[in-house]
**Q** 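Shown below is the structure under consideration.
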Amino acid sequence: MSLKKIDPRFSLLLLFVVAAGLLRILGEGKITPFSNITPIGAMALFGGAYFTGRWKAYLFPLLTLFVSDIIIQQVFYPEFSQGGLLYQGWIWTYVGFAAMVLAGQLIIKKVNVPNLMMASVAAAVAHWLITDFGVWLGGCTDPTTGKLYTKDLAGLLKCYAMAVPYMKAMFFGNLAYGAIFFGAFELIQRRSSLRVITSEQLPITNE
């Protein structure tokens, strides 16, 4: 039978993803100029770029997002949970997050500054377009009028316009935390010669 071994590269990847989730939780509930600059987008790009199995690239970052969402929602914003685990319209956030993972898979074929820049932009824009479409569709109040966004193109564009500062914060978070995650992982990987261990490379023993 196959002798099961722990892939050190996979374990390190998972550690980085979990660390991103912890950083997100620890940074919640503190109002600072950097409050909206979070590691969540960088975590998606990191998972998309490095996990060799396509399902792993989505499963582990999404699972980390889910667990951190539950903790943040129940500890910091229980009034918005409406008796559930997550906030209203969460599905759009998760679709946007999956789009960021895809950006990491498609753009970061090689880890370098230009690719990280392009992926950070693409991820921020994709997240902005998807999640704020959900905000508009679900019915949200326009802070400038105190009324719901109108269900027409003008209302959608207004919703997008009001969310531009958050999109910019997402981009800066992608870039800043992405530089840390990708840089640290590349450094560790080169110094320790971590590599992908496939099932074909594992030794086979017979009982």
Side-chain angles (χ1 to χ4, degrees), residues 2-30 34-76 85-86 90 93-94 96-113 115-117 119-120 122-124 126-127 169-203:
S2 297
L3 180 63
K4 296 183 178 179
K5 286 190 174 182
I6 297 175
D7 181 348
R9 182 179 183 277
F10 171 76
S11 300
L12 185 61
L13 284 172
L14 202 56
L15 180 62
F16 269 71
V17 170
V18 172
L22 289 174
L23 284 173
R24 183 191 180 212
I25 294 170
L26 292 174
E28 198 63 40
K30 302 171 184 177
F34 306 102
S35 295
N36 292 316
I37 299 177
T38 73
I40 204 68
M43 179 178 75
L45 292 174
F46 184 83
Y50 282 117
F51 280 110
T52 54
R54 185 173 294 273
W55 66 271
K56 294 177 184 177
Y58 290 91
L59 175 63
F60 294 112
L62 278 167
L63 184 59
T64 302
L65 175 65
F66 178 66
V67 173
S68 63
D69 266 348
I70 291 176
I71 295 173
I72 289 171
Q73 194 67 33
Q74 298 304 317
V75 173
F76 297 102
L85 289 176
L86 298 178
W90 63 268
T93 299
Y94 281 69
F97 186 83
M100 291 195 287
V101 174
L102 182 61
Q105 289 179 323
L106 295 179
I107 299 174
I108 310 180
K109 299 295 184 181
K110 181 179 180 181
V111 178
N112 54 41
V113 173
N115 285 347
L116 180 57
M117 283 283 292
S120 296
H127 183 270
M170 174 66 73
F171 165 70
F172 288 124
N174 293 348
L175 204 56
Y177 284 102
I180 295 171
F181 294 160
F182 283 90
F185 186 80
E186 284 295 313
L187 183 62
I188 294 172
Q189 188 169 233
R190 289 172 185 176
R191 289 191 173 183
S192 59
S193 299
L194 291 177
R195 59 188 177 88
V196 179
I197 299 178
T198 64
S199 58
E200 289 78 8
Q201 294 172 311
L202 294 177

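The figures here come from the full heavy-atom set of this structure, side chains too, leaving out hydrogens, waters and symmetry mates. Everything numeric here is computed off the predicted structure, so don't read it as measured data.
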**Q** Please report the closest heavy-atom contact between A103 and L45, naming both atoms and the distance.
**A** CB-CD2, 4.1 Å
**Q** Could you grab the distance from atom CZ of F51 to atom CZ of F46, nearest 0.5 Å is fine?
**A** 7.5 Å
**Q** Sort and list the pairs that fulfil salt bridge (Lys or Arg N to Asp or Glu O under 4.0 Å) and have at least one residue in residues 169-187, not counting sequence neighbours.
**A** E186-R190
**Q** Is the closest side-chain heavy-atom distance between I188 and F16 below 4.5 Å?
**A** yes
**Q** Under the side chain to side chain contact (heavy atoms under 4.5 Å, CB included) test, which residues partner A49, sequence neighbours left out?
**A** I108, F182
**Q** Do F185 and L13 have side chains that approach each other closer than 4.5 Å (heavy atoms only, starting at C-beta)?
**A** yes
**Q** Mind checking whether M100 and M43 have side chains closer than 4.5 Å, heavy atoms only?
**A** no
**Q** Could you tell me whether the side chains of Q189 and Y50 share a donor-acceptor contact shorter than 3.5 Å?
**A** no
**Q** Measure the spacing between CG of L175 and CD1 of I180 and express it to the nearest 0.5 Å.
**A** 10.5 Å
**Q** How many angstroms lie between atom CE of M117 and atom CZ of F171, to the nearest 0.5 angstrom?
**A** 4.5 Å
**Q** Which residues satisfy the side chain to side chain contact (heavy atoms under 4.5 Å, CB included) test with A169, sequence neighbours excluded?
**A** N36, I37
**Q** For a quick test of reading the model, state the closest non-hydrogen atom pair linking G48 to A57 and the distance between them.
**A** CA-CB, 4.1 Å
**Q** Counting only pairs under 3.5 Å, give me each side-chain donor-acceptor contact of residues 59-70, with atom names and distances, residues two or more places apart or in other chains.
**A**
from	atom 1	to	atom 2	distance (Å)
T64	OG1	F60	O	2.8
S68	OG	R24	NH1	2.9
S68	OG	T64	O	3.0
S68	OG	L65	O	3.0
D69	OD1	R24	NH1	2.8
D69	OD1	R24	NH2	2.8
D69	OD2	Y87	OH	3.1
D69	OD2	Y94	OH	2.7

**Q** Applying ring pair (Phe, Tyr, Trp, His ring centres under 6.0 Å), name anything that partners F97, two or more places apart in sequence or on another chain.
**A** none
**Q** So, for N174 and A124, which heavy atoms are closest and what is the spacing to 0.1 Å?
**A** ND2-N, 3.7 Å
**Q** For the CG atom of N115 and the CD1 atom of I107, what is their distance to the nearest 0.5 Å?
**A** 8.0 Å
**Q** Check side chain to side chain contact (heavy atoms under 4.5 Å, CB included) between K109 and all other residues, then give those that pass, not counting sequence neighbours.
**A** none
**Q** Grab the two heavy atoms, one from L116 and one from A179, that are nearest each other, plus how far apart they are.
**A** CD2-N, 3.8 Å
**Q** List the atom of P39, the atom of A20, and the distance in Å for their closest heavy-atom pair.
**A** CG-O, 3.4 Å
